[in-house]
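For reference, the structure is listed below as structure tokens.
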Amino acid sequence: MKRRSFLLTGFLLLGLTPAARAVVDPWERLPNPAEEKRAEQIGRQLRCLVCQNEDIEHSEASLAADLRRIIRRHVALGWSNRRIIAWMVKRYGTFVLLDPPFEPLTWLLWASPLLALAAGGATAVVAFRRQRASTPLAPLSEAEKARLSELLPP
Amino acid sequence: MNRRLFLLAPLAVAAGGMGGAFVLLERMQSGHYSPSSLPSMLIGKHPPHFTLLALPPGRAFSSADLAAPGRPILVNFFASWCLACIEEAPMLHRLARSSLSIWGIDYEDAPADARAYLARYGNPYARIDADLSGRVFIDWGCYGVPETYLVDPHGIVRWRWAGPLTPKVVAHGLDPLLGRTA
């Protein structure tokens with residue numbers, strides 16, 4: 001009985017979580033579904049500057065809505081993805097890209113997981129070697145053996 | 001000795017981190033640093049090309065007027081629905097009285113609302129444009145109101161501040177560029 005109610009609550013909660021749906025107003029959508037899909041793909045790569053941790057497809061900010069509209073206009077005009085993104089970066093800088101570009105300024109950012117792994121690995125190797133290199137203990141003398149048997153239970 | 005150093009290293013890192021955090025918070029409070037602020041793409045460049053209609057009864061201005069104005073111009077994006085704009089209004093008046101030309105761009109606002117706002121909080125703007133669609137706002141790389149840009153006498157953008165102009169922001173950011181000491 002306990003297990004059933006647990007599962008039931010779990011499914012209920014799952015059903016209540018809001019699906020990550022884009023906030024594109026049906027009137028905003030381009031009539032051509034392929035174009036609309038391309039516009040959404042572009043929008044999902046761009047950061048909403050107001051909220052800063054959402055993409056512009058999902059942000060409710062009015063600036064995001066304006067930018068979505070501009071992207072759709074550019075897609076309808078036949079601009080390439082590259083040109084549309086360049087248009088955004090020209091105005092807002094590379095911070096508008098949710099995926100930071102791989103350039104000298106961001107090399108450290110991209111390399112940091114590898115560097116952390118390398119640092120951890122090096123520490124482990126050094127610690128391991130140090131343990132190996134330490135002199136082993138000398139065997140117990142007779143007196144020490146006698147003392148040991150005294151201390152330990154038979 | 002080596003071992004002691006090894007043990008103290010994490011403590012040193014933590015202390016360094018705490019020191020850094022303290023400096024960060026201090027700079028955030030004084031207005032020197034805002035973690036959510038973006039560097040403007042216009043710094044060192046001319047403003048983007050634009051023409052807008054005036055917010056009546058004000059006088060319009062376009063990018064041509066900013067090409068080489070011969071004196072520093074403060075371009076201020078504002079809106080009647082923006083609370084932080086009310087907060088910075090006294091500072092704008094103070095700057096206008098100090099003979100700095102302030103040109104306003106009213107962002108996505110109903111002209112009647114904007115006029116009511118200016119009537120209520122005063123009008124520091126020598127010229128005002130109405131950016132009804134918000135397109136010029138985006139072309140300048142703005143992401144909120146109020147935002148303020150300093151255009152130098154040669155028409156180059158020298159400074160951008162996103163957020164209200166507080167006395168600290170003006171003292172640390174704007175006055176040095178205008179060659180003004182407190």
Side-chain angles (χ1 to χ4, degrees), chain A residues 28 42-43 46-56 59-74 77 79 84-98 100-101 103 105-106 109 112 115-116 119-120 122-131 133-134, chain B residues 1-10 12-13 17 34-50 63 75 77-84 105-110 113 131-147 149 157 160-163:
Chain A
E28 275 180 26
I42 296 170
L46 299 174
R47 187 192 310 270
C48 169
L49 286 320
V50 179
C51 325
Q52 301 197 350
N53 60 352
E54 284 185 311
D55 62 54
I56 62 174
S59 170
E60 306 240 354
S62 73
L63 177 62
D66 290 348
L67 292 174
R68 285 197 297 271
R69 229 170 285 127
I70 288 174
I71 288 174
R72 277 157 182 77
R73 195 181 316 146
H74 290 169
L77 286 171
W79 286 23
I84 296 173
I85 291 175
W87 192 95
M88 291 289 169
V89 170
K90 182 174 173 191
R91 282 149 180 79
Y92 291 104
T94 53
F95 188 65
V96 77
L97 302 170
L98 278 168
E103 57 188 28
L105 188 71
T106 55
L109 180 69
S112 54
L115 289 174
T123 312
V125 165
V126 165
F128 186 62
R129 284 226 185 102
R130 191 174 288 163
Q131 196 184 49
S134 65
Chain B
M1 183 55 204
N2 236 4
R3 198 179 221 161
R4 192 173 293 169
L5 272 173
F6 199 66
L7 288 172
L8 282 179
V13 169
S34 167
S36 63
S37 69
L38 302 181
S40 168
M41 294 296 283
L42 292 180
I43 304 290
K45 301 198 188 106
H46 285 284
H49 178 77
F50 70 93
S63 49
V75 176
F77 285 84
F78 74 102
S80 66
W81 43 264
C82 157
L83 293 179
I105 299 185
D106 184 30
Y107 170 64
E108 290 193 349
D109 215 353
D113 293 341
D131 185 10
L132 296 169
S133 68
R135 182 54 187 260
V136 173
F137 176 90
I138 289 174
D139 283 341
W140 280 63
C142 298
Y143 55 104
V145 272
E147 262 188 48
Y149 293 78
V157 175
R160 184 268 284 268
W161 184 259

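So that the names make sense, note that chain A is the first sequence line, chain B the second, and so on, each numbered from 1.
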To the nearest 0.5 angstrom, please state how far the CG atom of A/L63 sits from the OH atom of B/Y107.
-> 5.0 Å
Using non-hydrogen atoms only, which part of A/T94 is less than 4.5 Å away from chain B: side chain, backbone, both, or neither?
-> neither
Within a strict 4.5 Å, meaning less than it, do heavy atoms of the A/W87 and B/I138 side chains meet?
-> yes
Side chain, backbone, both or neither: which part of B/S133 has an atom under 4.5 Å from a heavy atom of chain A?
-> backbone
For A/V89 and B/M41 the tightest heavy-atom approach is O-CE, 3.4 Å
Indicate the atoms forming the closest heavy-atom contact of A/Y92 with B/F137, along with that distance.
-> OH-O, 4.5 Å
Could you pull out the closest heavy-atom pair between B/R135 and A/R73, with the gap in Å?
-> NH1-NH1, 3.1 Å
From B/C142 atom SG to A/L49 atom CG, the distance as rounded to the nearest 0.5 Å | 10.5 Å
Smallest separation among heavy atoms of B/E108 and A/S62, with atom names = OE1-OG, 4.3 Å
